Amino acid sequence: MTKYIIRRLLQAIPIFIGITILSYALMAAAPGGPVELLAFNNRLKPREREELKYKLGINDPLPVQYLRWLAGDDWMRWDTDGDGVADGSVLIDFRGPVLNDKGKPQYDVNGEMVTAPLPPGDRYGILRGDFGVSFYFKRPAQDVLFERLPATLELSLASFIVGTTLGLAVGILAAVYHRRAFDEISRIGAVIINSVPNFGLGLLLILVFGSTLQLLPLAGRCKTTLDPSCPPLPQRLEYLIMPTIVLAAGGVAGYSRFMRASMLDVVSQDYIRTARSKGLKERRVWLRHGMRNAFIPIATFLGPSITFLLSGAAITESVFSWPGVGRQVVNSVTQRDFPVVMIVVIYAGIANILGYLLSDIMYGLIDPRIRYD
Amino acid sequence: MTKLKRTGISRLDHPEAPQQAQQLVGKSLSQKALRTLRRDRMTMIALGYIFVLTVVSLLAPFITDSIMRIDPNEPVPADKFTPPLTNGYILGADDIGRDQLARLLHAGGVSMGIGFFGAFFSLSIGLVLGMAAGYFGGIVDDILNWLVTTLDSIPSLFLLIMVAALFSFNAQSLVLTVTLISWTGTLRLIRGQTFSIRAKDYVIAAQAMGASSRRILFQHILPNLVSITVVQLALGIAALILAESGLSYLGLGVQPPQATWGNMLTKSLQFFRHGPHLIIFPIMMISATVLCFYIVGDGIRDAFDPTLQQ
């Protein structure tokens with residue numbers, strides 16, 4: 001088992017690199033590019049901005065820029081004597097042009113550009129947890145992510161619990177009452193729930209329970225006060241109800257269909273007939289013999305749901321103004337706040353890789369027939 | 001399976017059985033499937049709806065120009081928020097007095113077009129690469145696997161909104177983007193199927209008789225993937241129609257004045273007191289169409305499932 005886990009983790013390395021390349025490529029393709037965006041700060045004077053661009057390596061080839069983002073540049077251009085001026089460099093330029101007040105390079109009498117050593121690199125790169133400073137919040141991107149993670153975890157955990165318990169229960173009942181009214185109704189219900197746009201369902205709930213009946217709060221995670229933090233969860237459960245329903249609806253529909261199919265598959269097998277012929281009660285046959293084995297394929301759902309737990313649901317969070325990660329990504333993308341977008345994408349990728357690994361391990365633990373080595 | 005076995009045994013037991021058996025043998029799986037489909041009333045209704053909607057959407061410019069004699073993008077400020085069935089507006093008019101029916105027809109072409117072409121292209125890529133990965137294995141499989149896992153590791157909605165914010169979408173670029181994002185699911189499915197078909201006795205037999213890879217792929221494997229592919233197409237179209245509306249809700253979908261069901265619905269959300277009909281009809285179009293594609297997908301899957309056939 002340990003061998004298997006190590007092998008899987010090693011396989012995850014190229015995937016992680018793929019994720020970083022893909023997301024960096026998207027960022028680099030954005031108008032202006034990452035260097036321009038990093039240097040965009042209207043409080044800087046033209047000269048300071050141009051100097052910053054040279055320091056960040058505007059003329060470096062893209063692979064070098066990617067490497068700087070990935071692994072930092074403190075080892076690319078270093079300062080040994082601590083005077084703020086670089087003493088050596090690899091991969092990137094050691095000297096840069098001396099700029100005038102308008103940010104233009106200067107030339108000496110021979111027409112050659114006047115250069116001076118550039119300041120040393122001070123980025124650590126995402127591998128060492130330096131995702132840069134959010135353009136919008138002017139704070140480390142990491143702080144922005146971790147501030148929003150609790151809200152997302154709260155909502156997605158709630159909807160995961162509601163979605164799985166309700167979905168699995170409906171699925172089991174649909175299998176028990178196979179081809180009877182409950183089965184048909186749950187099947188049609190699942191298809192209908194899946195056909196309505198998620199935000200449509202959310203807005204309908206807001207309209208009925210929030211606006212017309214005024215039973216539940218319209219949006220948000222807690223009452224808006226001057227204090228930005230929220231009281232503990234039990235005091236604001238009513239805020240959680242509607243977003244949870246919307247987010248769990250898809251889960252209920254999906255899990256119930258999957259559980260029904262898995263259950264029907266199991267109960268058509270020989271050992272169930274044996275159990276029946278031994279004269280066991282129906283309830284015991286279904287619950288002890290059927291259900292326990294029908295749960296096994298459900299473990300494959302765990303992987304994807306962990307990603308979902310961490311990355312949040314952009315649309316549902318936007319509908320209910322839920323201050324979570326998904327909504328922040330939508331906002332950050334529109335604000336072109338790349339450090340925040342990048343950190344969310346990369347953390348979601350890591351969560352995904354670990355999620356699939358965990359679900360494969362679970363699979364092996366609950367089903368002794370599966371061996372990994 | 002159990003049924004087939006049972007008829008086999010009964011044929012041995014009863015000398016008059018061979019005649020019955022001959023009648024049974026004469027139908028291939030796809031003939032049986034088509035017969036099952038024709039008897040499945042719900043699937044046929046859904047197919048009919050999709051067919052009518054497709055024809056009407058394709059003819060939308062003709063219908064609005066020649067039959068209704070209106071311009072779907074021409075505002076008539078005096079008629080804004082006209083309720084349905086008044087002053088000649090069958091489905092009412094929107095917030096600046098444009099005919100909702102005409103706009104829904106035009107939008108239908110765009111929304112279903114995005115769904116169809118997006119699903120079709122991503123399916124084509126997934127089918128070709130999935131068959132290649134499943135059949136040839138080795139390094140092709142490894143590289144594709146890496147690519148698929150990488151793409152799948154990033155939530156696809158994040159990828160979509162990233163691309164959307166960088167290059168604002170029109171219908172064509174949206175199709176291109178969803179194609180590039182959503183082929184991975186099909187590839188996984190087709191790869192798995194190809195893999196299992198390749199190990200079947202009849203493929204090994206064909207190989208032993210010296211059939212080329214091309215012959216095996218196209219004569220033995222592809223026909224067995226047809227039903228899965230059609231189901232995937234139907235489900236893919238449904239998913240993309242929903243995705244388009246979701247993107248529109250975030251303000252990142254196809255930009256107006258090009259109407260889609262998604263952006264019509266999104267725009268109307270702010271008017272739910274003045275014109276509830278502007279919300280109800282787009283949401284009905286989206287849900288009904290998606291529902292019908294789901295029903296058709298399920299129906300085809302059941303029809304081609306030999307264990308469900310009688």
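Computed from a predicted structure; not experimentally measured. Letters A, B, ... mirror the listed sequences (proteins, then strands); counts begin at 1.
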T149(B) versus D152(B), side-chain donor and acceptor atoms under 3.5 Å: no
Which one of V319(A), I350(A), I21(A) has the most heavy-atom pairs closer than 4.5 Å to chain B? V319(A)
Per-residue tally against chain B (heavy atom, under 4.5 Å) across N194(A), I192(A), T334(A) peaks at N194(A)
So for [X], is it side chain, backbone, both, or neither that comes closer than 4.5 Å to the heavy atoms of chain B?
X       : result
S211(A) : side chain
V341(A) : side chain
I15(A)  : both

Let me confirm one number: the [atom1]-[atom2] distance from [X] to [Y], rounded to the nearest 0.5 Å.
X       : Y       : atom1 : atom2 : answer
S182(B) : L160(B) : OG    : CG    : 8.5 Å
L203(A) : N198(A) : CG    : CG    : 10.0 Å
T274(A) : D270(A) : OG1   : CG    : 6.5 Å
D337(A) : Q328(A) : CG    : CD    : 7.5 Å

Please flag which part of [X] lies under 4.5 Å from any non-hydrogen atom of chain A: side chain, backbone, both or neither.
X       : answer
I279(B) : neither
L265(B) : side chain
L242(B) : side chain

According to the interplanar angle, ranging from 0 to 90°, do the rings of Y66(A) and Y24(A) count as parallel (below 30°), tilted (30 to 60°) or perpendicular (above 60°)? perpendicular
Which one wins on heavy-atom pair count under 4.5 Å against chain A: D298(B), I283(B), V290(B), L269(B)? V290(B)
Identify which of T266(B), T289(B), L250(B) forms the greatest number of heavy-atom pairs closer than 4.5 Å to chain A.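 The candidate making the most pairs under 4.5 Å is L250(B).
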Heavy-atom side-chain contact between V330(A) and E317(A) under 4.5 Å: no
